[in-house]
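Just so you know, these numbers use all the heavy atoms, side chains as well, and skip hydrogens, waters and symmetry mates.
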Amino acid sequence: MTTSSSDHGVSLGMPELPAPTYPDDVRARLEADAREVIARYPDSRSALLPLLHLVQSEEGHVTRTGMRFCAEMLDLTTAEVTAVATFYTMYRRRPSGDYQVGVCTNTLCAVMGGDAIFEELQEHLGVGNGETTGDGKVTLEHIECNAACDFAPVVMVNWEFFDNQTPESAKRMVDDLRAGREVSPTRGAPLCTFKETARILAGFPDTREGAVEATGSAGPASLVGLKLAKGEAAPARVVHPRGEAPRDTPPHEPSPSEHLSSHDAPQDTSASDPSHPSGPAAEEGE
C-alpha cells in the first residue's frame, strides 16, 4: 500500500508504515485472552478466526493493529492475517455501530418484503448500505441468506433473529435501539452490543443471566428434511386446486411453544412491490 501527497493528490510510491501496537495494558489483557484461545487448538494457526473476533471485540472492527497482534501471536505474516480478515464479512474493516442491522435481501426474503424493508430503513435512518448513523448506534447492511427462509422476511441484529418483519416493525426496532429501549429478538439470546457479541464469538462465555438458556429453533418447514433423514414419516398432505379451500381438514392450530412463520400463520407481511401488497400467507398445499 502506498501513501499519497495531500498537496498534489499523487502517489509517492512509499510503503505504508507498520501498524501501531496496542497500549501496554490492553496488550497484556488481549495476550492473556489470546493464549486461552490458542490453547484450544493443536495447531495455533487454527485460532486465527476466534482471535480476529477477539480483536474486533476491542475496537468494534478489525484494525491494522488488531491484525498485527494476531500475526504476532500466531507466528503468521500480516499478509496471511489480512487475507482471512478481508475474506469473511463478519469481520468489519472500518468503525461501525453498536448494533449491526442486517436485512436479508436474498430471493425469498426479498420477494416477501426484504427489499422494501431495506429501502425504507435506508431512508428512515439516512444511511446507505454499510453505513452507520451519526450517533454511532446502528450500521445498516443488506446480507445474504440467514437460513431462516420459513420466517421471511428476516432482519438480524448482531446475528440475532427478528422474524416476519415489515417495514413498520423494522423501523420501530431501529428507533428503539437508538433510543436505548429494550429490544428482544424473536428467538435466541437477548441482544448485546456488537463488541460483546464479538467476544462471545471468540469463544468466551456469555455470562448474562438467562442468555445461555434462551434458545431458538428453525421453523417446521426447515426441519422436514431433518425428520426424513432420521426416518420419521412426513405427514401426508392433500394438494387442493388453487383458490379452493380444503374440505374436511381442520385448520392448523399451533401449540403455544410453536413459533409461527410467515408461511404457516395468517400474519401480514410486506411485499417488495408496494403496489401489490401481500396478504396473509396460505397453508402449504392450498
How about [atom1] on [X], more than 12 heavy atoms from neighbouring residues, nucleotides or ligands closer than 6.0 Å, or not?
{"X": "Asp24", "atom1": "CG", "answer": "no"}
{"X": "Arg29", "atom1": "CZ", "answer": "yes"}
{"X": "Arg178", "atom1": "CZ", "answer": "yes"}
{"X": "Asp75", "atom1": "CG", "answer": "no"}

If the threshold is 4.0 Å, N to carboxylate O, is there a salt bridge linking [X] and [Y]?
{"X": "Arg208", "Y": "Asp206", "value": "yes"}
{"X": "Arg45", "Y": "Glu80", "value": "yes"}
{"X": "Lys171", "Y": "Glu123", "value": "no"}

Return the minimal non-hydrogen interatomic distance between [X] and [Y], and the atom names on each side.
{"X": "Ala34", "Y": "Met73", "value": "CB-CE, 3.8 Å"}
{"X": "Val62", "Y": "Ala85", "value": "CG1-CB, 4.4 Å"}
{"X": "Gly114", "Y": "Pro153", "value": "N-CB, 3.8 Å"}
{"X": "Thr197", "Y": "Cys192", "value": "OG1-SG, 3.4 Å"}
{"X": "Ala202", "Y": "Leu54", "value": "CB-N, 3.8 Å"}
{"X": "Gly60", "Y": "Ser96", "value": "O-OG, 3.5 Å"}

Does [X] use its side chain to pair, donor to acceptor, with the backbone of [Y] at less than 3.5 Å?
{"X": "Arg27", "Y": "Phe69", "answer": "no"}
{"X": "Thr139", "Y": "Gly97", "answer": "yes"}
{"X": "Thr86", "Y": "Thr82", "answer": "yes"}
{"X": "Glu31", "Y": "Val26", "answer": "no"}
{"X": "Glu58", "Y": "Val55", "answer": "no"}
{"X": "Arg68", "Y": "Ala19", "answer": "yes"}
{"X": "Glu160", "Y": "Val157", "answer": "no"}
{"X": "Thr65", "Y": "Thr21", "answer": "no"}
{"X": "Asn146", "Y": "Ala148", "answer": "no"}

Distance check, rounded to the nearest 0.5 Å: [X] atom [atom1] versus [Y] atom [atom2]?
{"X": "Cys109", "Y": "Ile117", "atom1": "SG", "atom2": "CD1", "answer": "8.0 Å"}
{"X": "Phe161", "Y": "Thr186", "atom1": "CZ", "atom2": "OG1", "answer": "9.5 Å"}
{"X": "Leu52", "Y": "Cys70", "atom1": "CG", "atom2": "SG", "answer": "4.5 Å"}
{"X": "Met112", "Y": "Thr107", "atom1": "CE", "atom2": "OG1", "answer": "13.0 Å"}
{"X": "Asp163", "Y": "Arg187", "atom1": "CG", "atom2": "CZ", "answer": "4.0 Å"}
{"X": "Gln122", "Y": "Leu140", "atom1": "CD", "atom2": "CG", "answer": "6.0 Å"}

**Asked** Yes or no on ring pair (Phe, Tyr, Trp, His ring centres under 6.0 Å) for Tyr91 and His53, after CA distance, side-chain angles and deciding distance?
**Response** CA-CA 7 Å; Tyr91 302 122; His53 283 299; 4.7 Å; yes
**Request:** Report yes if some heavy atom in the side chain of Phe162 is under 4.5 Å from a heavy atom in the side chain of Met173; otherwise report no.
**Result:** yes
**Request:** Check whether any side-chain heavy atom of Leu191 sits under 4.5 Å from a side-chain heavy atom of Pro185, and report yes or no.
**Result:** yes
Check whether [X] and [Y] end up in the same hydrophobic cluster, where Ile, Leu, Val, Met, Phe, Trp and Tyr are linked by side-chain heavy atoms less than 4.5 Å apart.
{"X": "Phe87", "Y": "Trp159", "answer": "no"}
{"X": "Ile200", "Y": "Leu48", "answer": "no"}
{"X": "Leu49", "Y": "Met67", "answer": "yes"}
{"X": "Ile38", "Y": "Leu201", "answer": "no"}

**Option among Asp98, Val101, Asn158 that satisfies the side-chain contact (heavy atoms from CB on, under 4.5 Å) test with Leu177** =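 Of all the options given, the one that passes is Val101.
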**Item:** Option passing side-chain contact (heavy atoms from CB on, under 4.5 Å) with Leu51 (candidates Val37, Val84, Leu30, Asp33)
**Value:**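 The residue from Val37, Val84, Leu30, Asp33 that satisfies side-chain contact (heavy atoms from CB on, under 4.5 Å) with Leu51 turns out to be Val37.
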**Prompt:** Can a cation-pi geometry be assigned to Arg40 and Phe204, taking NZ or CZ under 6.0 Å from the six-membered ring centre and within 45° of the ring axis?
**Reply:** yes
I'd like to know if the side chain of [X] pairs up with that of [Y] as donor and acceptor (distance under 3.5 Å, no hydrogens or angles considered).
{"X": "Glu59", "Y": "Tyr22", "result": "yes"}
{"X": "Gln100", "Y": "Arg92", "result": "yes"}
{"X": "Glu144", "Y": "Asn106", "result": "yes"}

**Where at least one partner belongs to residues 102-134, residue pairs that pass ring-ring contact (aromatic ring centres under 6.0 Å, His included), sequence neighbours excluded** =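 Listed by first then second residue: Phe118-His142.
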